[in-house]
Amino acid sequence: MARASSARRPPSGDIPVARRAASSRQRRRGAGPLFGLAAFIVLVAGTATVLLGSDRPAPVQQAQQLEVEGFRQRPDEDGRLLGHFRYEEVPADQRVSFEPGIELQVDAAEALDAMMRAGLAEGVDLRLLSGYRSQALQESIFFDIASERNQTAEERAQVSAPPGYSEHSTGYAIDLGDGAAPETHLSQSFEQTRAFRWLQDNAARYHFVLSFPRGNQQGVMYEPWHWRFQGTAQALRQFEAARRFTSRRP
């Protein structure tokens, strides 16, 4: 994706690979015929079931929860695991390479591009530090760092989502930094930068919201650098549970 700011901003090579995407594959096309074939197969199978008059009861749909090995806890009734909600991984054909090593969902990428251009026009150098992460990569980040830091899974969940429960898997979540203050990257001190103040005033125009503000009801550590895109119906559906939980009255 060509961006006006790309020539003025070098790739974020100082960000550990574990915090970035696993690959930089371009958006793939041509899923339409396959989808049509799959729909036809489902239709034929459903018709055959009706004609044959199967008397077997319909399978019960499993709850949208994911248990993670290594945890004593299991998801709460509202679907949260240690404060984090369950998220589906964005399909490959809905992702684009935004910067080397960092992918985003295509709608989020377009909105972020517009926001970064607007920031540059006002002298704010927003840096994209992390975007889409596969569930496999999130698993490595979660358990490997927990082991390195001698953290329990519960302690680790305060600062990083378990695999299957990370907003980054959706392709809509981003970690942002200030190019003028790289020492604040992925730190709560980012809230003291001009970039964060600009985001507070302008991010909503591009449909980005702060995922984990200070004192958030989910109980996740305050992350001023972590934002998510909610500018399409598909994105809103992804974060519906989190939005309803956050907006409910105590």
Side-chain angles (χ1 to χ4, degrees), residues 3 5-6 8-21 82-84 98-102 104 108 111-113 115-133 137-138 140-142 144-152 154-162 165-170 172-230 239 242 246:
R3 298 181 293 112
S5 58
S6 60
R8 302 177 56 183
R9 180 163 49 248
S12 304
D14 58 330
I15 304 302
V17 174
R19 298 188 183 275
R20 299 161 65 86
L82 298 178
H84 298 273
F98 191 86
E99 288 186 355
I102 305 181
L104 294 175
L112 178 59
D113 183 50
M115 185 168 72
M116 295 177 82
R117 288 171 182 264
L120 276 179
E122 298 183 29
V124 175
D125 186 14
L126 294 173
R127 297 290 182 99
L128 177 60
L129 307 181
S130 183
Y132 160 75
R133 297 177 196 157
L137 178 58
Q138 187 69 23
S140 175
I141 293 173
F142 187 90
D144 290 351
I145 295 181
S147 178
E148 292 173 4
R149 298 180 181 178
N150 195 29
Q151 295 175 318
T152 64
E154 293 78 10
E155 291 171 334
R156 183 64 188 152
Q158 292 295 310
V159 296
S160 181
Y165 290 81
S166 173
E167 292 187 353
H168 283 285
S169 295
T170 69
Y172 293 117
I174 56 176
D175 292 338
L176 295 174
D178 189 332
E183 69 279 4
T184 67
H185 288 176
L186 303 174
S187 166
Q188 291 186 359
S189 61
F190 175 62
E191 69 175 0
Q192 302 170 8
T193 66
R194 184 183 178 191
F196 179 72
R197 293 191 294 272
W198 188 91
L199 286 168
Q200 287 182 304
D201 293 336
N202 298 278
R205 298 180 183 179
Y206 304 92
H207 308 289
F208 285 97
V209 300
L210 191 63
S211 291
F212 306 116
R214 192 180 296 279
N216 64 86
Q217 292 188 50
Q218 287 186 231
V220 179
M221 185 189 75
Y222 171 49
E223 296 185 349
W225 63 86
H226 182 102
W227 300 72
R228 69 183 183 225
F229 174 75
Q230 295 185 166
F239 302 111
T246 302

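Heavy-atom basis, side chains included; hydrogens, waters and symmetry copies ignored. These numbers were taken from a predicted model, which means no experiment stands behind them.
- Among Thr170, Val209, Ile174, the one residue that satisfies the side-chain contact (heavy atoms from CB on, under 4.5 Å) test with Arg228 is Val209.
- Scanning all heavy atoms of the two residues, the minimum distance from Trp198 to Ala118 falls at CZ2-C, 3.8 Å.
- For Ser187, the side-chain contact (heavy atoms from CB on, under 4.5 Å) test picks out Ser189, with sequence neighbours left out.
- Residues Leu104 and Phe98 meet the side-chain proximity criterion, which asks for heavy atoms closer than 4.5 Å.
- What you find for Gln138 and Ala161 is that their closest heavy atoms are NE2-O, 2.9 Å.
- A donor-acceptor pair under 3.5 Å is absent between the side-chain atoms of Arg194 and the main chain of Val124, judged by distance alone.
- Listed by chain and residue number, Asp178 satisfy the side-chain contact (heavy atoms from CB on, under 4.5 Å) test with Ala180 (two or more places apart in sequence, or in another chain).
- At least one side-chain heavy atom of Phe239 sits less than 4.5 Å from a side-chain heavy atom of Tyr172.
- Contact check on Arg214 versus Glu191 returns a salt bridge, with a Lys/Arg side-chain nitrogen under 4.0 Å from an Asp/Glu carboxylate oxygen.
- Across Met115 and Phe208, no two heavy atoms sit closer than the pair CE-CD1, 3.8 Å.
- Within the model, atoms OG of Ser166 and CZ of Arg133 stand 5.5 Å from one another, a figure rounded to the nearest 0.5 Å.
- Between Ala242 and Gln218 the shortest heavy-atom distance is CB-OE1, 3.9 Å.
- Distance alone, capped at 3.5 Å, is enough to place a donor-acceptor pair between the Asn216 side chain and the Pro213 backbone.
- The nearest pair of heavy atoms linking Ala195 to Gly177 is CB-O, 4.4 Å.
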Next on the checklist: Set out, in order, the CA-CA distance, both residues' side-chain angles and the distance that settles side chain to side chain contact (heavy atoms under 4.5 Å, CB included) for Arg127 and Leu176, then state yes or no.
Outcome noted: CA-CA 5 Å; Arg127 297 290 182 99; Leu176 295 174; over 6 Å; no
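- For the pair Gln230 (side chain) and His207 (backbone), a donor-acceptor distance under 3.5 Å is absent.
- Ion pairing between a basic and an acidic side chain is recognised when a charged N comes within 4.0 Å of a carboxylate O; Asp113 and Arg117 show such pairing.
- No side-chain heavy atom of Leu120 sits less than 4.5 Å from a side-chain heavy atom of Leu126.
- For His226, the side-chain contact (heavy atoms from CB on, under 4.5 Å) partners two or more places apart in sequence, or in a different chain, are Glu167, His168, Ala173, Asp175, Ser211, Phe212, Glu223.
- For the atom pair Gln200 CD and Leu210 CG, the distance stands at 8.0 Å (nearest 0.5 Å).
- Just one residue in the list Phe190, Trp225, Tyr222 forms a ring-ring contact (aromatic ring centres under 6.0 Å, His included) with Phe196, and that residue is Phe190.
- The structure places CD1 of Ile102 at 9.5 Å from CG of Leu112, a figure rounded to the nearest 0.5 Å.
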